[in-house]
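For reference, the structure discussed in these notes is given below.
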Amino acid sequence: RPKPNVHEHYRSESVAQERCVLARLIGPNDAFTEKPLEELTGLAETAGTQVLGGVVQKRETPDPKSFLGKGKVEELKHLVALHEADVVVFDNDLSPSQTRNLEKSVGTKVIDRTELILDIFASNARTHEARLAVELAQLEYSLPRLKRMWTHLSRQTMGVGMRGPGEKQLEVDRRLVEKRIHELKLDLQKVEKRKEREVAGRRDYLTVSLVGYTNAGKSTLMNTLTNADVEAVNKLFATLDTRTRRWTLPSWGPVLLSDTVGFIRDLPHKLVASFRATLEEAREADLLLHVADASNPAVLEQISAVYGVLHELGIDEKQTLLVINKIDVPGAEERMQAVQNRYPYSVCISARSGAGLDALAARVSAALSSNFVTLSVRLDVSDGKSMAWLSKVGDVTSKQFHDTHVEIHVRLPARHAGRMVRDGFEVEVLRGQLPEIKPDVEPWEESLPTTVDKGVDKGVDFQRGEEVA
C-alpha cells in the first residue's frame with residue numbers, strides 16, 4: 001500500500017489504529033526481564049496500535065546520531081518494510097535530531113517513550129484539570145521539536161510597504177506555543193490553589209492515599225475497601241484524576257482514601273510537573289499505601305521506580321506502607337517472597353478476592369495511631385463548638401464538668417493537638433509528643449523578602465527584627 005512521506009505526518013496526532021514496530025536500547029545499568037519489550041508492548045496496545053514486531057540492542061552508549069547502531073537501524077528498516085509499519089516506537093527518550101535521523105533511515109514516523117505516554121494520557125484525560133495538564137506536557141515536549149512537525153516553513157508574504165524577508169512560519173508557531181504554555185501554567189496554578197483549598201477543607205479527617213505503578217490494582221483495591229464505583233480495568237493509566245472516598249476502619253472509624261494517577265518507569269518529568277495539582281492528595285496525606293503488583297516479573301524494579309517519582313515530588317519521606325497486591329495470581333508467590341525479603345514490613349493482599357484485607361486494615365490503624373497524642377483539655381462550659389470539634393476529630397475518653405469549665409481527656413492526631421496549642425487552648429500532654437509549632441504565615445507575608453542588604457554582608461530579618469550576617 002502507498003506510504004506517505006514521513007514529513008507529511010503531523011507529529012501530535014494520535015498513534016491509535018496504526019501498525020507499529022518496537023525498539024529498545026538496553027544500557028549497562030538498565031534493568032530488564034526475559035521479555036524486555038513487554039511493558040512497551042502494553043503501552044503501545046493501550047495507545048491503540050497494532051504491535052507487529054520489535055528489535056532490542058544491548059549497547060554501552062547510544063549512537064549520538066541514530067541512537068541504535070548502524071546494523072540495528074538496517075534491521076529496523078527491514079522490519080518496517082516487511083510489516084508495512086506506520087510508526088516505530090522506542091522504549092527510550094530520543095533527542096529531536098536522533099528522531100529526525102531515524103525517520104530518514106527507516107522511512108516512517110518514529111516516536112519515543114515520552115511521546116507515547118503523552119499520547120495515552122491525552123486519550124484517557126476526561127476532566128478539565130487532566131486535559132490542561134496533558135496539553136501543557138505535550139506542548140512543552142513538542143516545543144524543541146517544532147522543526148520536524150511542520151512542512152510549511154516558507155517565508156510569510158508581507159504586505160505593501162512591508163517588503164523584506166518576513167518571519168518564518170516556524171518562529172510564528174513557536175511564539176504561539178510559548179504563549180499557550182504560559183496560559184496553561186496560569187490556569188493550572190488556579191487549579192492547584194483550588195485543589196489545595198479542597199484538601200485543606202478535609203484536614204479534620206485522617207487521609208490515606210493510594211500510590212503505585214500503573215495497573216497495580218489501586219482502583220480495584222479502592223472499590224473493595226470503600227464500595228466505590230470507580231473504573232477498574234486491566235489497562236495502563238486508566239486513572240488520571242484523584243478520587244476520594246470514605247473508608248471505615250474496624251475499631252477505628254472513618255478515614256478518607258484517595259486513588260491517584262499511576263506511575264511508571266521513566267515517567268516524563270514534564271508530566272509529573274503538570275500533574276502536581278492532581279497529586280496534591282498524596283502530598284498532604286497522613287499515610288501512603290504503595291500498591292505493588294506481585295504478578296509482574298519486574299515488581300522490584302517497579303517499586304524502585306515509584307519511590308523515584310515520590311522523591312521527585314518531595315514526598316518520599318512521608319510515612320508509607322508497601323502493599324503487595326495480586327498474590328492470588330499464578331506464579332506470584334515466588335515474587336512475593338522476593339519483595340518481602342527486601343521489604344519485610346510489607347503487607348500481602350488480593351484486592352480482588354479480599355485476602356489479607358483485615359491485616360491491611362490493622363496495619364493502617366497502627367500506622368495512623370503512631371501520630372496520635374492524648375491530651376487533657378480545659379474548656380469553658382459554654383464552648384460547645386470546641387467540644388463538638390474534639391469529638392469529631394478525636395476519641396474523647398472522659399469529661400469532668402466543673403462550675404466554670406470542663407476538663408476533657410481526648411486522643412487525637414498530633415497535628416490537631418498542635419493546632420489547639422497554637423490557638424491558645426489550655427492543654428496538658430498526657431501521652432505522646434506535640435509537633436513543632438510553626439507560626440501561621442499569611443500568603444502575602446510569604447512574598448516578603450527575609451533579608452535586605454545593609455552594607456556588604458548584613459541584613460535585617462523581617463520576621464524577627466534582628467540584624468543578621
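For this chain, numbers begin at 1 and follow the sequence in order. Heavy atoms only: backbone and side chains are in, while hydrogens, waters and symmetry mates are out. Predicted, not measured: the structure shown is a model, and the values here were computed from it.
Within the 4.5 Å cutoff, side-chain heavy atoms of Leu360 are placed close to those of Val323. Side-chain contact between Ser304 and Leu300 is absent, with no heavy-atom pair separated by less than 4.5 Å. Using a 4.5 Å heavy-atom cutoff, the side chains of Leu94 and Leu102 are in contact. No side-chain heavy atom of Val211 sits less than 4.5 Å from a side-chain heavy atom of Thr320.
Legend: residues meeting salt bridge (Lys or Arg N to Asp or Glu O under 4.0 Å) with Lys72, ordered by chain and number and at least two apart, are Glu75. For Val177, the side-chain contact (heavy atoms from CB on, under 4.5 Å) partners at least two apart in sequence or on another chain are Leu139, Leu143, Leu146, Ile181. Every residue meeting the side-chain contact (heavy atoms from CB on, under 4.5 Å) condition with Asp93, not counting sequence neighbours, appears here in chain and number order: Asp112, Arg113, Thr114. Judged as a side-chain hydrogen bond (donor to acceptor under 3.5 Å, both in side chains), and not counting sequence neighbours, the contacts of His311 are Asp316. Here Ser97 pairs with Ser95 under the side-chain hydrogen bond (donor to acceptor under 3.5 Å, both in side chains) rule; sequence neighbours left out. Residues forming a side-chain hydrogen bond (donor to acceptor under 3.5 Å, both in side chains) with Glu135 (at least two apart in sequence, or on another chain): Arg180. Legend: residues meeting side-chain contact (heavy atoms from CB on, under 4.5 Å) with Ser295, ordered by chain and number and at least two apart, are Asp293, Lys326, Val329. By the side-chain contact (heavy atoms from CB on, under 4.5 Å) test, Lys65 pairs with Asp63, Asn101, sequence neighbours left out.
The structure places CD1 of Ile264 at 6.0 Å from OG1 of Thr214, a figure rounded to the nearest 0.5 Å. Between Arg245 atom CZ and Leu256 atom CG the span is 11.0 Å, to the nearest 0.5 Å.
Of the possible polar contacts, none joining the Lys218 side chain to the Ser258 backbone as a donor-acceptor pair under 3.5 Å is found. Between the side chain of Asp86 and the main chain of Glu18, no donor-acceptor pair closer than 3.5 Å is present. With Arg335 contributing its side chain and Ala294 its backbone, the two residues share a donor-acceptor pair below 3.5 Å. In terms of modelled atom types and a separation under 3.5 Å, the side chain of Asn325 and the main chain of Ala216 share a donor-acceptor contact. A donor-acceptor pair is defined here as one N or O able to donate and one able to accept, closer than 3.5 Å; such a pair exists between the side chain of Ser66 and the backbone of Leu68. The backbone N or O of His83 sits less than 3.5 Å from a side-chain atom of Arg19, completing a donor-acceptor pair.
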Worked verdict on Leu22 versus Asp91 for side-chain contact (heavy atoms from CB on, under 4.5 Å): CA-CA 8 Å; Leu22 310 180; Asp91 198 17; over 6 Å; no
Evaluation steps, side-chain contact (heavy atoms from CB on, under 4.5 Å), between Leu210 and Leu221: CA-CA 9 Å; Leu210 296 170; Leu221 179 59; 3.9 Å; yes
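Within a 6.0 Å sphere centred on CG of Asp358, other residues, nucleotides and ligands contribute 12 heavy atoms or fewer. Counting heavy-atom neighbours within 6.0 Å of Glu183 CD, excluding the residue itself, gives a total above 12.
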Exercise answer: donor-acceptor pairs, residues 339-350 side-chain atoms, under 3.5 Å, sequence neighbours excluded:
unit_1	atom_1	unit_2	atom_2	d
Asn341	OD1	Gln337	NE2	3.2
Asn341	ND2	Gln337	O	3.2
Ser346	OG	Tyr343	O	2.8
Ser350	OG	Asp328	OD1	3.2
Ser350	OG	Asp328	OD2	3.0
Ser350	OG	Ser353	N	3.2
Ser350	OG	Ser353	OG	3.0

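A salt bridge does not link Arg24 with Glu39: none of the charged nitrogens is closer than 4.0 Å to a carboxylate oxygen.
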